[in-house]
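The figures that follow rest on heavy atoms only: side chains count, while hydrogens, waters and symmetry mates do not.
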Amino acid sequence: MTAADDLDIITDRWTTLQERAGTRPTTTWPPAMGITRLMTEEERAEEAAERADTAPDAPGPRPAPVDVDVLDLMKTIETGLITAADWLASRVQRAPFRAPTGRGWSDDVHRASVLLAAKDAADPRRWRYTGSRTAPEAAEWLALRLRDQPGPFRRLDEGERLAVAEVAASGATLIRKALGDARQRTAVPQPCPLCGGQLVLEGGDGAPPVVRCEDCGRAWTEAPSDAA
């Protein structure tokens with residue numbers, strides 16, 4: 001997968017991420033499977049209180065169904081992309097053509113120059129430092145630069161490509177994790193029951209989670225429940 005593909009993921013999945021931000025989290029990571037399903041009585045009481053407070057039929061006003069973690073993640077991605085676009089545009093985007101001054105509008109050459117300058121400045125392919133500046137717009141603009149699409153730009157050098165690729169990979173990874181598309185690894189505080197080694201929980205990408213010992217290699221998965 002290329003850096004431009006990572007930027008396409010951000011553009012294509014941004015609406016889904018916005019929808020996810022408008023709902024309360026429905027899944028948690030790490031999942032409470034087998035060996036990691038340990039909870040104190042105090043934690044159980046807090047969990048029960050949380051369920052009671054957020055239930056649709058609970059008394060009192062209901063808080064807005066917003067996933068703050070996803071909102072923070074979106075802000076992080078958007079800030080990174082817009083900052084990268086600002087930086088890249090300052091390096092590769094040609095300044096708008098300037099028409100000569102001192103001639104009247106009736107001068108055909110001067111009039112043509114003014115119109116050409118206005119058209120060049122308004123070229124929709126340009127990155128704008130003001131106005132609409134969203135994550136999808138920045139991701140699309142950066143992807144076009146990586147693909148060397150024509151416009152008032154020079155080609156990117158290798159350092160610029162690597163810098164954009166780093167931002168693109170970071171943003172795409174964060175989105176995949178938020179939407180459950182990326183596999184995650186989390187250390188388990190309990191030791192391996194066989195060798196006492198470090199356990200790691202792997203999952204979060206839609207595949208069944210696995211607890212694996214990094215020392216002896218033993219792995220545990222939860223058997224799927226039988227259909228009724």
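Cluster membership for V167 and L156, using ILVMFWY side-chain heavy atoms within less than 4.5 angstrom, is shared. Hydrophobic clustering (side-chain heavy atoms under 4.5 Å, transitive across Ile, Leu, Val, Met, Phe, Trp, Tyr) groups L179 together with L174. Following chains of ILVMFWY side-chain contacts shorter than 4.5 Å, one cannot reach V92 starting from F97, and the two form parts of different hydrophobic clusters. Hydrophobic clustering (ILVMFWY, side-chain heavy atoms < 4.5 Å, transitive): L7 and L162 are in distinct clusters.
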*Can L71 and V66 be said to form a side chain to side chain contact (heavy atoms under 4.5 Å, CB included), step by step?*
CA-CA 8 Å; L71 287 176; V66 172; 3.1 Å; yes
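I10 CD1 to E78 CD: the interatomic distance, rounded to the nearest 0.5 Å, is 11.0 Å. Put simply, CG on L73 and NZ on K75 are 13.0 Å apart, with the number rounded to the nearest 0.5 Å. Rounding to the nearest 0.5 Å gives a distance of 12.0 Å between CZ of R20 and CG of D69. Here the straight-line distance linking atom CG of L142 with atom CG of D6 works out to 12.0 Å at 0.5 Å rounding. Between W87 atom CH2 and R91 atom CZ the span is 4.5 Å, to the nearest 0.5 Å. For the atom pair CG (D215) and SG (C195), the distance works out to 5.0 Å, reported to the nearest 0.5 Å.
In this structure, the side-chain contact (heavy atoms from CB on, under 4.5 Å) partners of A138, at least two apart in sequence or on a different chain, are L81, I82, A85, W127. The side-chain hydrogen bond (donor to acceptor under 3.5 Å, both in side chains) search around E214 returns R185, not counting sequence neighbours. With sequence neighbours left out, R98 forms a salt bridge (charged side-chain N to carboxylate O under 4.0 Å, His left out) with no residue at all.
Within the structure, salt bridge (Lys or Arg N to Asp or Glu O under 4.0 Å) contacts touching residues 126-144 (residues at least two apart or in different chains) are D86-R133, D120-R126. Judged as a ring pair (Phe, Tyr, Trp, His ring centres under 6.0 Å), the pairs with a partner in residues 149-168 (not counting sequence neighbours) are, in order, W141-F153.
For the residue pair C192 and C216, the shortest heavy atom distance occurs at SG-SG, 3.9 Å. A pairwise comparison of heavy atoms in D123 and P152 identifies OD2-CD, 3.7 Å as the closest pair. Of all heavy-atom pairs spanning G171 and I77, the tightest one is O-CD1, 3.7 Å. Across all their heavy atoms, L199 and P191 have their closest contact at CD1-O, 3.6 Å. Taking every heavy atom of both residues into account, W14 and M74 meet most closely at CH2-O, 3.4 Å. Scanning all heavy atoms of the two residues, the minimum distance from R125 to P150 falls at NH1-O, 3.4 Å.
Side-chain contact between W220 and P209 is absent, with no heavy atoms from C-beta onward closer than 4.5 Å. At a threshold of 4.5 Å between non-hydrogen side-chain atoms, the residues L88 and V164 count as touching.
Around CD of E166, the count of heavy atoms belonging to other residues, nucleotides or ligands within 6.0 Å does not exceed 12.
Think of I9 as one node in a network of Ile, Leu, Val, Met, Phe, Trp and Tyr side chains linked at under 4.5 Å; its network also takes in M1.
Between the side chain of T76 and the main chain of D72, a donor-acceptor pair closer than 3.5 Å is present.
Between R154 and D148 no salt bridge is recorded (no basic side-chain N to carboxylate O distance below 4.0 Å).
Side chains of D5 and T2: a donor-acceptor N/O pair is present below 3.5 angstrom, by distance only.
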